[in-house]
Amino acid sequence: QVQLVESGGGLVQAGGSLRLSCVASGRTFSSDPMGWFRQAPEKEREFVAAIDWSGADPAYADSVKGRFTISRDNAKNTVYLQMNSLKPEDTAVYYCAARLNYRAYVPTTAWVYWGQGTQVTVSS
């Protein structure tokens, strides 16, 4: 059974940093893209960042560009999201996703596997 387990969320003050991790088990994703999404209360789940199998040419939502960095360690079947200069509007549940149904990062329907999410709360 495939599982994606996120960790690293928590409460942080505005301007602070957090590093999220997502460990996959049940199969290897070393040949697949992996990504991060987030969902704030009463809002739809939105794309944050994605990375292809090689780690080259990562993609970011405009709202996090320059502040967040996605990376991966294929040997550990893990994807990371380094979040710096956090803002209150970054508050959300952050979800890890893996493997694409079709070649598009942004739509949630493009992704096959999802984690359960980790809460990130940024206080002002």
Side-chain angles (χ1 to χ4, degrees):
Q1 182 180 357
V2 174
Q3 280 192 313
L4 302 178
V5 180
E6 302 95 335
S7 63
L11 174 64
V12 64
Q13 288 189 332
S17 298
L18 284 174
R19 188 193 194 206
L20 305 184
S21 300
C22 170
V23 181
S25 62
R27 60 159 287 166
T28 179
F29 290 103
S30 59
S31 300
D32 295 297
M34 298 186 78
W36 289 95
F37 284 71
R38 67 186 182 187
Q39 187 166 17
E42 301 182 359
K43 291 191 175 181
E44 292 190 354
R45 193 172 298 189
E46 65 175 6
F47 171 77
V48 174
I51 191 167
D52 70 7
W53 69 273
S54 70
D57 197 24
Y60 298 95
D62 288 343
S63 59
V64 307
K65 205 170 291 184
R67 300 188 297 122
F68 291 10
T69 302
I70 188 171
S71 61
R72 66 189 295 164
D73 185 336
N74 287 338
K76 295 182 179 179
N77 223 17
T78 300
V79 64
Y80 304 98
L81 186 68
Q82 177 67 43
M83 305 187 295
N84 298 329
S85 302
L86 282 161
K87 305 175 182 179
E89 51 262 45
D90 293 320
T91 295
V93 177
Y94 282 71
Y95 296 91
C96 172
R99 195 174 186 192
L100 292 174
N101 283 310
Y102 52 91
R103 189 65 183 176
Y105 285 161
V106 174
T108 57
T109 55
W111 297 87
V112 177
Y113 299 106
W114 291 88
Q116 293 300 305
T118 185
Q119 177 71 47
V120 171
T121 303
V122 184
S123 63
S124 56

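Just so it is clear, the structure is predicted and the values come from calculations on it, not from any experiment.
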Query - Verdict with reasoning, W36 to C96, per side chain to side chain contact (heavy atoms under 4.5 Å, CB included) - result: CA-CA 5 Å; W36 289 95; C96 172; 4.1 Å; yes

Query - Residue pair F68 / L86, side-chain heavy-atom distance below 4.5 Å - result: yes

Query - Value rounded to 0.5 Å, distance of OG in S30 from NZ in K76 - result: 15.5 Å

**Report entry** Pair T109-Y102, side chain to side chain contact (heavy atoms under 4.5 Å, CB included): steps then yes or no
**Finding:** CA-CA 9 Å; T109 55; Y102 52 91; 2.7 Å; yes

Query raised in the report: Is any NZ, NE, NH1 or NH2 atom of the basic residue among D62 and K65 found under 4.0 Å from an Asp or Glu carboxylate oxygen of the other?
Result: yes

**Report entry** Shortest non-hydrogen contact between P33 and L100, atoms and distance
**Finding:** CG-CD1, 3.7 Å

Requested in this report: For the pair Y105 and F47, name the ring-plane relationship: parallel under 30°, tilted 30 to 60°, perpendicular over 60°.
Outcome: parallel

Query - Separation of M34 CE from W111 CH2 (nearest 0.5 Å) - result: 8.0 Å

Query raised in the report: Can you tell which of Q39, Q119, E6, R38 makes a side-chain hydrogen bond (donor to acceptor under 3.5 Å, both in side chains) with Y94?
Result: R38

Requested in this report: Answer yes or no: are there more than 12 heavy-atom neighbours, outside N101 itself, under 6.0 Å from its atom CG?
Outcome: yes

Query raised in the report: Same cluster or not: are V12 and M83 linked, directly or through other Ile, Leu, Val, Met, Phe, Trp or Tyr residues, by side-chain heavy atoms under 4.5 angstrom apart?
Result: yes

Query raised in the report: Taking atom OG of S124 and atom CD of Q13, what is their separation to the nearest 0.5 Å?
Result: 9.5 Å

Report task. Assess whether side chain to side chain contact (heavy atoms under 4.5 Å, CB included) is satisfied between R27 and D32, documenting all intermediate values. Result -> CA-CA 11 Å; R27 60 159 287 166; D32 295 297; 2.8 Å; yes

Query raised in the report: With a 4.5 Å limit on heavy-atom distance, are the side chains of V120 and L20 in contact?
Result: yes

Requested in this report: Would you please test E44 and T108 for side chain to side chain contact (heavy atoms under 4.5 Å, CB included) and show each step?
Outcome: CA-CA 10 Å; E44 292 190 354; T108 57; over 6 Å; no

Query raised in the report: Do V79 and V48 belong to the same hydrophobic cluster, where Ile, Leu, Val, Met, Phe, Trp and Tyr are linked whenever their side-chain heavy atoms lie under 4.5 Å apart, directly or via other members?
Result: yes

Query raised in the report: Going by atom types only, do T69 and Y80 share a side-chain donor-acceptor pair under 3.5 Å?
Result: no

Query raised in the report: Within a radius of less than 6.0 Å around CD of Q116, do more than 12 heavy atoms belonging to other residues, nucleotides or ligands occur?
Result: no

Query raised in the report: Is L18 linked to V64 within one hydrophobic cluster, defined over Ile, Leu, Val, Met, Phe, Trp and Tyr using a side-chain heavy-atom separation of less than 4.5 Å?
Result: yes

Report task. Side-chain contact test, heavy atoms from C-beta onward, threshold under 4.5 Å: evaluate it for R72 versus N74 and give yes or no. Result -> yes

Query raised in the report: When rounded to the nearest 0.5 angstrom, what is the spacing between OG1 in T118 and CG in L81?
Result: 11.0 Å

Query raised in the report: Heavy-atom distance under 4.5 Å between the side chains of R67 and D90, does that happen here?
Result: yes

Query raised in the report: So, does D73 use its side chain to make a donor-acceptor pair with the main chain of T78 at under 3.5 Å?
Result: no

Query raised in the report: If you round to the nearest 0.5 Å, how far is SG of C22 from CZ of F29?
Result: 8.5 Å

**Report entry** OG1 on T121 to CG on L11, rounded to 0.5 Å
**Finding:** 6.0 Å

